[in-house]
Amino acid sequence: MKVFKFGGASVKDAESIKNVCAIVKKEKSLVIVISAMGKTTNKLEHVVNDYFNKEDYNAPLRNVFDYHKNILHELFPDEKNEIWPTFQKICDYVELYLKNDPEKDYDKTYDQIVPIGELLSSKILSSYLSLSGINTNWLDIRKILITDSRFRKAVVNWEESEKNTQNAIGDSTAIFVTQGFIGGTSGNLMTTLGREGSDYSAAVLGNMLNAKDVTVWKDVPGILNADPRYFNDPKKLDHISYKEAIELSFYGATIIHPKTIKPLQNKNIPLKVRSFMNPSEDGTMVNNDTTDDGLMPIFIYKPNQVLISLSRKDFDFLEEQHLSDVFDILHSNKLEVNIMQNSAINFSICLDYEKKRIEQVVSDFQKNYRVLYNANLELLTIRHYDVTSLSEMTKNHEVLLEQKTRSTLKLLMRNLQE
Ligand code: ASP
Ligand code: MG
């Protein structure tokens with residue numbers, strides 16, 4: 001069994017769906033894990049926000065429906081195709097859901113709406129493959145990947161999900177199409193695994209099926225040593241180890257979701273990152289072998305960071321018990337620390353700036369601590385850094401915090417040109 005994961009960019013229009021069809025045409029014993037088409041997840045987040053704030057959500061919702069409808073018209077001109085009523089059913093479900101008053105819990109509300117992106121894309125792909133003569137089984141992952149109800153950061157119940165995966169797929173030689181990013185609770189509520197979570201879904205399924213390998217198809221040639229959105233002339237890494245890959249994703253390289261590596265490493269399943277635009281090229285191979293790690297510096301850039309500094313109100317020391325309190329508060333707000341530093345009376349943490357969560361955590365901290373914070377910062381991490389790369393990177397920036405180990409340099413900076 002093999003697992004292929006296709007992200008939003010690889011299924012963003014009718015042409016791309018045809019391209020996926022060409023890539024999987026010759027395969028058998030394959031599970032295809034798919035994300036929502038194009039920027040659908042972002043658009044659905046708008047719908048959720050407008051609905052939750054009791055504003056008019058119709059424009060973004062129509063936008064999602066029309067976008068999919070246009071693709072359907074191109075792929076299935078015959079309106080008798082089974083995809084048409086399926087599409088309508090999913091649209092009806094959301095419209096009906098949105099007629100109720102919003103629940104109190106934002107994350108729970110989000111998870112009952114946003115997953116329709118993946119339901120739509122997987123239905124469309126599966127129907128199009130069938131139409132092209134490739135027989136597929138569409139799998140409802142909500143009944144297979146069973147999670148807890150930690151909405152928007154749901155945790156997979158490994159034992160139950162593994163049983164379900166084996167029952168649904170096992171060692172079948174068929175082609176399956178299913179949804180990434182989403183799961184379901186045992187009480188039939190939808191859950192999501194965190195933004196960009198489809199890679200993780202693919203890795204979890206790969207693990208549970210003892211897959212031969214897992215391939216993530218991307219719009220870049222493979223894993224690059226720098227993000228082409230922010231750096232000139234990035235170079236492809238032909239091969240890196242699981243260890244290097246997990247470090248990169250932990251520091252914020254967006255090419256793979258941070259949780260993707262562990263399920264694969266645990267069973268020694270190779271991960272391939274390949275270009276859906278050049279499917280004949282090899283891409284990057286990630287496995288146990290560490291010999292190629294560190295051959296060139298790797299740059300990871302994370303914009304939109306906030307630095308929060310905490311101190312005790314009475315100029316007291318920050319002791320271990322306070323640190324444990326700080327981490328409890330972070331955990332209950334579902335926030336992860338990107339870099340931290342302590343002194344006698346200060347504890348500083350750098351986090352991704354997610355407006356709602358940051359406002360909440362600041363207000364939680366303010367009950368017991370003095371809180372200062374700085375937003376709009378950039379976190380640059382360089383693995384295997386060299387001196388020449390450094391001066392270029394820090395030009396026009398003020399460095400607020402710096403941390404160095406033998407292999408990794410982290411700089412939290414403010415851009416002075418903005
Ligand atoms: N569609 C989801 C997102 O955009 C999950 C994914 O693409 O991995 O975050
Ligand atoms: Mg995506």
Side-chain angles (χ1 to χ4, degrees), residues 3-13 16-17 20 31-49 60-61 63-64 67-68 71 90 94 106-107 109-126 139-142 144-145 147 150-156 177-184 190-206 214-220 223 227 229 245 249 252-264 271-276 302 304 334 336 352 354 356-357:
V3 179
F4 280 3
K5 182 258 168 169
F6 290 96
S10 62
V11 289
K12 67 177 193 304
D13 51 23
S16 326
I17 294 278
V20 170
V31 180
I32 302 172
V33 175
I34 185 168
S35 302
M37 303 175 102
K39 301 262 176 264
T40 300
T41 306
N42 291 350
K43 292 182 200 163
L44 286 168
E45 285 189 345
H46 279 154
V47 175
V48 177
N49 292 342
L61 186 64
N63 184 316
V64 170
Y67 166 66
H68 286 85
I71 295 174
I90 297 174
V94 207
Y106 174 84
D107 292 350
T109 306
Y110 178 106
D111 278 4
Q112 307 321 305
I113 299 171
V114 173
I116 70 147
E118 272 70 16
L119 293 176
L120 286 169
S121 62
S122 61
K123 282 285 187 188
I124 293 173
L125 179 68
S126 166
L139 287 182
D140 188 344
I141 205 74
R142 296 170 297 178
I144 296 174
L145 280 193
T147 71
R150 213 170 138 76
F151 296 105
R152 287 181 68 205
K153 287 259 162 90
V155 178
V156 173
V177 176
T178 196
Q179 308 82 45
F181 175 56
I182 72 175
M190 295 198 264
T191 53
T192 60
L193 308 173
R195 282 304 306 264
E196 306 301 332
S198 302
D199 293 350
Y200 177 60
S201 307
V204 169
L205 291 174
V214 171
T215 305
V216 173
W217 295 89
K218 287 273 178 185
D219 56 0
V220 284
I223 299 181
D227 187 334
R229 286 175 300 176
S249 63
T254 52
I255 185 97
I256 23 180
H257 189 279
K259 281 159 74 185
T260 311
I261 302 299
K262 176 185 154 70
L264 301 178
L271 170 70
K272 298 176 179 174
V273 180
R274 299 177 59 187
S275 161
F276 62 79
K302 251 169 129 38
N304 208 14
K334 303 179 187 171
E336 282 142 25
D352 291 351
E354 292 178 62
K356 270 202 172 58
R357 286 188 177 152

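None of the values given here were measured: they were computed from a predicted structure. All ligand and atom numbering here is 1-based and tracks the order in the structure.
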Any non-hydrogen side-chain atom of S198 less than 4.5 Å from a side-chain atom of F6?
no
What atoms in ligand 1 come closer than 4.0 Å to a heavy atom of E118?
1 (N), 2 (C), 5 (C)
For ligand 1, which atoms sit closer than 4.0 Å to a heavy atom of T41?
1 (N), 2 (C), 3 (C), 4 (O)
Qualifying residues under salt bridge (charged side-chain N to carboxylate O under 4.0 Å, His left out), relative to K153, sequence neighbours excluded:
E336
Any idea which atoms of ligand 1 are less than 4.0 Å away from a heavy-atom of S198?
5 (C), 6 (C), 7 (O), 8 (O)
Closer than 4.0 angstrom: is that true for some heavy atom of G197 and an atom of ligand 1?
yes
Check step by step if salt bridge (Lys or Arg N to Asp or Glu O under 4.0 Å) holds for R195 and E354.
CA-CA 12 Å; R195 282 304 306 264; E354 292 178 62; over 6 Å; no
For the residue pair T192 / D111, report whether a side-chain donor-acceptor contact shorter than 3.5 Å exists.
yes
Need the ligand 1 atom indices (1-based, order shown) with element for anything under 4.0 Å from a heavy-atom of R195.
3 (C), 4 (O), 9 (O)
Output yes when D107 and R357 qualify as a salt bridge under the 4.0 Å nitrogen-oxygen rule, no when they do not.
yes
Who are the salt bridge (charged side-chain N to carboxylate O under 4.0 Å, His left out) partners of R274, not counting sequence neighbours?
none
Could you list which atoms of ligand 1 come closer than 4.0 Å to a heavy atom of F181?
2 (C), 5 (C)
Under 3.5 Å: N/O of K5 near N/O of ligand 1:
no
